[in-house]
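Structure first, then comments.
Remember, predicted model here, so these are calculated numbers, not experimental data.
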Amino acid sequence: MPARPPPALPAMANSGLQILGFALALMGWIATIVATILPQWQMSSYSGANIITAQAIYQGLWMTCAWQSTGQIQCKVYDSMLNLPAALQATRALMVVSIVLGLVAMCIATMGMKCTRCGSEDKAVKARIAMAGGIVFVVGGLASLIACSWYGNQIVRDFYNPVVPVNSKYEFGSAIFIGWAGAALVILGGGLLSCSCPGKEGYGRQYPQGKPISKPPSREYV
């Protein structure tokens, strides 16, 4: 009887790993976009004794907002980009780069995943394409992580700086936590996509076909 190839369990596990990594990276990429748009990167601190809590000031990458105790919110977009602090400009640039890299990584990973039929038909080539998409995801996630960490470090330094007035100190807003979570998901998903490449031995393995068993010649007895 012909020899049977081993079961395709590693290939199925590899495909599931790619889908899981892509899903995590996609969720992280969406979280990065949400964090970039939200104005709550830093919020006014209430650490002082004479702080008025009738309004809260939020500052983001693109605008600043004032929330009144009556429920009204007024936002104002930054007038001049060149007049902004260097940390804010760098954070803007890194977040935009992270979003663009995430979009490029999704296109690359989609062509290389086993569950899709676009791109090359060679399984080894598709695995390398998926790995390349995972690496781009990791680079984009690192850019977002650096941006959020840099911005957060600036908030901490200003908060503990005795020269900064008490009414000008800020604390972490919700958007920076969303950015950190999105960066972690993108890096994790990109790592799973990068590790899903089984190498040279995973694809293109040819199994020898068994030789058919020849029947002995029939003998006729008289």
Side-chain angles (χ1 to χ4, degrees), residues 17-45 56-65 75-78 80-113 116 128-160 169-197:
L17 193 66
Q18 287 182 346
I19 296 175
L20 177 61
F22 186 85
L24 291 176
L26 178 61
M27 290 189 294
W29 182 72
I30 295 175
T32 302
I33 296 177
V34 173
T36 305
I37 297 174
L38 287 178
Q40 290 91 355
W41 277 71
Q42 57 181 359
M43 58 182 297
S44 53
S45 175
I57 305 298
Y58 299 98
Q59 290 188 0
L61 302 181
W62 314 98
M63 66 184 71
T64 178
C65 297
C75 296
K76 180 183 178 182
V77 180
Y78 297 129
S80 175
M81 184 181 67
L82 299 178
N83 196 26
L84 297 176
L88 180 57
Q89 296 184 24
T91 305
R92 270 184 174 186
L94 287 173
M95 294 300 289
V96 172
V97 168
S98 176
I99 293 174
V100 173
L101 287 178
L103 181 61
V104 174
M106 280 193 296
C107 297
I108 297 175
T110 302
M111 292 187 297
M113 294 177 63
T116 61
R128 296 189 185 97
I129 294 176
M131 183 177 65
I135 293 174
V136 178
F137 265 129
V138 172
V139 174
L142 288 176
S144 176
L145 181 63
I146 293 173
C148 296
S149 300
W150 191 351
Y151 197 92
N153 179 62
Q154 188 66 35
I155 295 175
V156 174
R157 291 176 59 185
D158 292 341
F159 185 85
Y160 290 106
K169 294 185 178 182
Y170 291 88
E171 296 181 359
F172 293 140
S174 57
I176 196 169
F177 293 106
I178 297 176
W180 273 324
L185 288 176
V186 171
I187 294 174
L188 179 59
L192 291 177
L193 279 172
S194 301
C195 297
S196 64
C197 183

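Here Phe137 contributes atom CZ and Leu24 contributes atom CG; the two are 10.5 Å apart, rounded to the nearest 0.5 Å. For the atom pair SG (Cys148) and CZ (Phe177), the distance works out to 10.5 Å, reported to the nearest 0.5 Å. Atom CD1 of residue Ile178 and atom OG1 of residue Thr32 lie 10.5 Å apart, to the nearest 0.5 angstrom. Taking CD of Glu171 as the start and OG of Ser44 as the end, the distance is 8.5 Å to the nearest 0.5 Å. Interatomic distance, OG of Ser174 versus OH of Tyr58, reported as 7.5 Å (0.5 Å rounding). In this structure, Cys107 SG and Ile129 CD1 are separated by 12.5 Å, a value rounded to the nearest 0.5 Å.
At a threshold of 4.5 Å between non-hydrogen side-chain atoms, the residues Ile155 and Phe172 count as touching. In this structure, the side chains of Thr110 and Phe22 come closer than 4.5 Å at one or more pairs of heavy atoms.
Looking at every heavy atom in both residues, Pro39 comes nearest to Met63 through CB-CG, 3.9 Å. Counting all heavy atoms, side chain and backbone alike, Leu193 lies closest to Ala109 at CD1-CB, 4.0 Å. The shortest heavy-atom contact between Gly102 and Trp29 is CA-CD1, 3.6 Å. Contact detail for Leu38 and Ala175: the closest heavy-atom pair is CB-CB, 3.8 Å.
Looking at Trp41, its side chain does come within 3.5 Å of a backbone N or O of Ala35 through a donor-acceptor pair. Looking only at distances, no side-chain donor or acceptor of Lys76 sits under 3.5 Å from a matching main-chain atom of Thr64.
Here the rule is side chain to side chain contact (heavy atoms under 4.5 Å, CB included) with Met106, and of Leu26, Val136, Leu101 only Leu26 fits it.
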List the atom pairs, with distances to 0.1 Å, where a side-chain N or O of residues 83-99 and a protein N or O form a donor-acceptor pair under 3.5 Å, not counting sequence neighbours.
unit_1, atom_1, unit_2, atom_2, d
Gln89, NE2, Met81, O, 2.9
Gln89, NE2, Leu84, O, 3.0
Thr91, OG1, Ala87, O, 2.7
Arg92, NE, Leu61, O, 2.5
Arg92, NH2, Leu61, O, 2.9
Ser98, OG, Gly140, O, 2.7

